[in-house]
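Side chains are part of it too, since the values below use all heavy atoms of this structure and drop only hydrogens, waters and symmetry mates.
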Amino acid sequence: YYRNADTLRRELADELILAGMTDVELARKSGQPLASIRFLLEHGYAPVGTVMKVFAALGITPANLPAECVGCRMEA
């Protein structure tokens with residue numbers, strides 16, 4: 001559970017380092033534009049679908065999804 005954008009931003013940056021990936025590699029693997037990945041990593045904000053695809057690309061399976069994610073797809 002991410003309490004706020006800063007928590008999400010920091011956790012994703014940590015996961016990116018643990019995965020040994022660059023932002024360019026994450027963009028390619030998630031199928032999301034590099035600008036969206038960089039904005040997410042810098043600010044902690046992105047559309048829910050983008051965040052879900054980034055999670056999938058990093059191998060993160062959220063335990064508690066907010067209501068707006070019920071229809072989200074985890075596939076990258």
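Under the side-chain hydrogen bond (donor to acceptor under 3.5 Å, both in side chains) criterion, S36 pairs with no residue, sequence neighbours left out. Listed by chain and number, the residues in a side-chain contact (heavy atoms from CB on, under 4.5 Å) with A19 are M21, L58 (sequence neighbours excluded). A search for side-chain contact (heavy atoms from CB on, under 4.5 Å) contacts involving D23 returns L34, I37, R38, L41, not counting sequence neighbours.
The two residues A27 and P33 have their closest heavy-atom pair at CB-C, 4.3 Å.
A salt bridge links D6 with R10: the closest approach of a Lys/Arg side-chain nitrogen to an acidic carboxylate oxygen falls below 4.0 angstrom.
Hydrophobic side-chain contacts under 4.5 Å tie L18 to no other Ile, Leu, Val, Met, Phe, Trp or Tyr residue.
The OG1 atom of T22 lies 12.0 Å from the NZ atom of K29; values are rounded to the nearest 0.5 Å.
Listed by first and then second residue, the ring-ring contact (aromatic ring centres under 6.0 Å, His included) pairs involving residues 8-36 amount to none (not counting sequence neighbours). Identified under the side chain to side chain donor-acceptor pair (under 3.5 Å) test for residues 40-49, with sequence neighbours left out: none.
Residues L12 and F39 fall into different hydrophobic clusters, defined by Ile, Leu, Val, Met, Phe, Trp and Tyr side chains chained together at heavy-atom separations under 4.5 Å.
Side-chain contact check for L40 versus L8: some heavy-atom pair is nearer than 4.5 Å.
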